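Remarks on the structure that follows.
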Amino acid sequence: MSVIGAQTSLPLSTVSRILESLAGHALIERDEDRRTYRLGRRLLALSSRVRQQSADLIRFGRPLLEQLAARSGEDAGLSRLQGSHAVIVDRVEGPHHLKIIDVLAKPEPLYCGAFRKVLLAYQSPEWIEKYLGSVKLVRFTPNTLSTKAAVREELERIRQRGFASSFAERLPDAACVAAPVFGVGGEIEAAIFIVVPAARFAENGSPRLAGLVVDAARQLTARLRGEGCIAERPRRGKRQHA
């Protein structure tokens, strides 16, 4: 307790009350010597549930990513929210040698890039405002959204269209299309996306890519909800390091 007090600059009486409250909710447990604490059963159970959700997402999502990469000819991936950042949890490469390399599990800001903006757009209004109130907008490229008003407008467009696109917002040579994947309770579970070198983006046709991504997101949503596969809509007609 004294170590916690020293590290947090809180009075020992305050530290004691906080620890007792956490222990009362089974978030921490006191060791037998009654001087040290460890993670509680409830916190471990919650952590286990999160890991299982990620495992289910990857298990159900991997076949759809493979299908998406084959149909689009581009790299496809899945991203989830981790705290106030986006992380890529799975990725399937397309056939092209020239590609954009994103790092798995690397935390990235939510206000730039299609799959990151999708994860932000479908949070609650309170969550979004808290995020925007705390984040500093770094301009990675000339196309990065540079004001919070612009971010809010972009998030509204994403919700209206049901998908997001980006062109050289996070990396100067990268374009992306992404759509939301929802869980059983209607909350956003992940973003599924295609990432393309900017030079090849117009060539592939962004409306076509958006249709493929939205279809894949709907299928993954259905699988996570235990609804099986749903019918797809008719479809219209060197390495760079991140």
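Not measured: the values here are computed from a predicted model.
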R139: which residues meet the salt bridge (Lys or Arg N to Asp or Glu O under 4.0 Å) condition with it, sequence neighbours left out? none
To the nearest 0.5 Å, how far apart are CD in E153 and OG1 in T147? 7.0 Å
Hey, what do you get for CD1 (I88) to CG (D75), rounding to the nearest 0.5 Å? 10.0 Å
What orientation do F182 and Y122 show, parallel under 30°, tilted 30 to 60°, or perpendicular over 60°? perpendicular
Do K117 and E169 have side chains that get closer than 4.5 Å, going by heavy atoms? yes
Tightest non-hydrogen contact, residues P109 and R116, listed as O-CD, 2.8 Å
Does R200 pair with E74 as a salt bridge, N-O distance under 4.0 Å? yes
Nearest 0.5 angstrom please: R225 CZ to L220 CG, how far? 10.5 Å
Side chain of R80, backbone of V87: donor and acceptor closer than 3.5 Å? no
Tell me whether I192 is reachable from L224 by hopping between hydrophobic residues (I, L, V, M, F, W, Y) whose side-chain heavy atoms are closer than 4.5 Å. yes
Residues in side chain to side chain contact (heavy atoms under 4.5 Å, CB included) contact with A76, at least two apart in sequence or another chain: L65, L68, A69
Between OG on residue S124 and NZ on residue K130, distance to nearest 0.5 Å: 10.0 Å
Checking side chain to side chain contact (heavy atoms under 4.5 Å, CB included) for the pair V177/L212: CA distance, chi angles, key distance, verdict? CA-CA 10 Å; V177 181; L212 292 174; over 6 Å; no
Heavy atoms, side chains only, cut-off 4.5 Å: are D173 and P197 in contact? no
So how far is it from L120 CG to Y131 OH, rounded to the nearest 0.5 Å? 6.5 Å
Could you report the tightest heavy-atom contact between P63 and R223, atom names first, then the distance? CB-NH1, 4.3 Å
Distance (rounded to the nearest 0.5 Å) between I194 CD1 and S165 OG: 12.0 Å
If hydrophobic clusters are built from ILVMFWY residues whose side chains come within less than 4.5 Å, do L145 and F193 share one? no
State yes or no: do I188 and F163 share one hydrophobic cluster built from I, L, V, M, F, W and Y residues joined by side-chain heavy-atom distances below 4.5 Å, directly or via other members? no
Main-chain N/O of A175 paired to S166 side chain as donor or acceptor, under 3.5 Å: no
Can you confirm whether E129 sits close enough to R152 that some side-chain heavy atom of one is under 4.5 Å from a side-chain heavy atom of the other? yes
Close side-chain approach of L137 to Y111, heavy-atom, < 4.5 Å: yes
Indicate yes or no for a side-chain donor-acceptor contact from D90 to the backbone of L78 under 3.5 Å, with no hydrogens or angles considered. no
Same cluster for V213 and I158 if Ile/Leu/Val/Met/Phe/Trp/Tyr side chains link at under 4.5 Å? no
Where is the tightest heavy-atom contact between G162 and P180, given as atom of each residue plus distance? O-CD, 3.3 Å
Take F115 and V195, measure what side chain to side chain contact (heavy atoms under 4.5 Å, CB included) needs, and give me the verdict at the end. CA-CA 9 Å; F115 68 81; V195 62; over 6 Å; no
Decide side chain to side chain contact (heavy atoms under 4.5 Å, CB included) for L64 and Q67; before the verdict, give the C-alpha distance in whole Å, the side-chain angles of both, and the deciding distance to 0.1 Å. CA-CA 5 Å; L64 292 172; Q67 186 180 81; 3.9 Å; yes
Can you name the closest pair of heavy atoms from A114 and C176 and give their distance? CB-O, 3.6 Å
State which residues pass salt bridge (Lys or Arg N to Asp or Glu O under 4.0 Å) with R159; sequence neighbours excluded, sorted by chain then number. E156
Mind checking whether L81 and W127 have side chains closer than 4.5 Å, heavy atoms only? yes
Can you name the nearest heavy-atom pair linking I128 to A121, along with the distance? CD1-O, 3.9 Å
Verify side chain to side chain contact (heavy atoms under 4.5 Å, CB included) between S84 and V135, making sure each step is shown before the conclusion. CA-CA 9 Å; S84 59; V135 71; over 6 Å; no
When you group the ILVMFWY residues by side-chain heavy-atom contacts below 4.5 Å and let the links chain together, are F140 and L171 in the same group? no
Heavy-atom side-chain contact between T144 and V138 under 4.5 Å: no
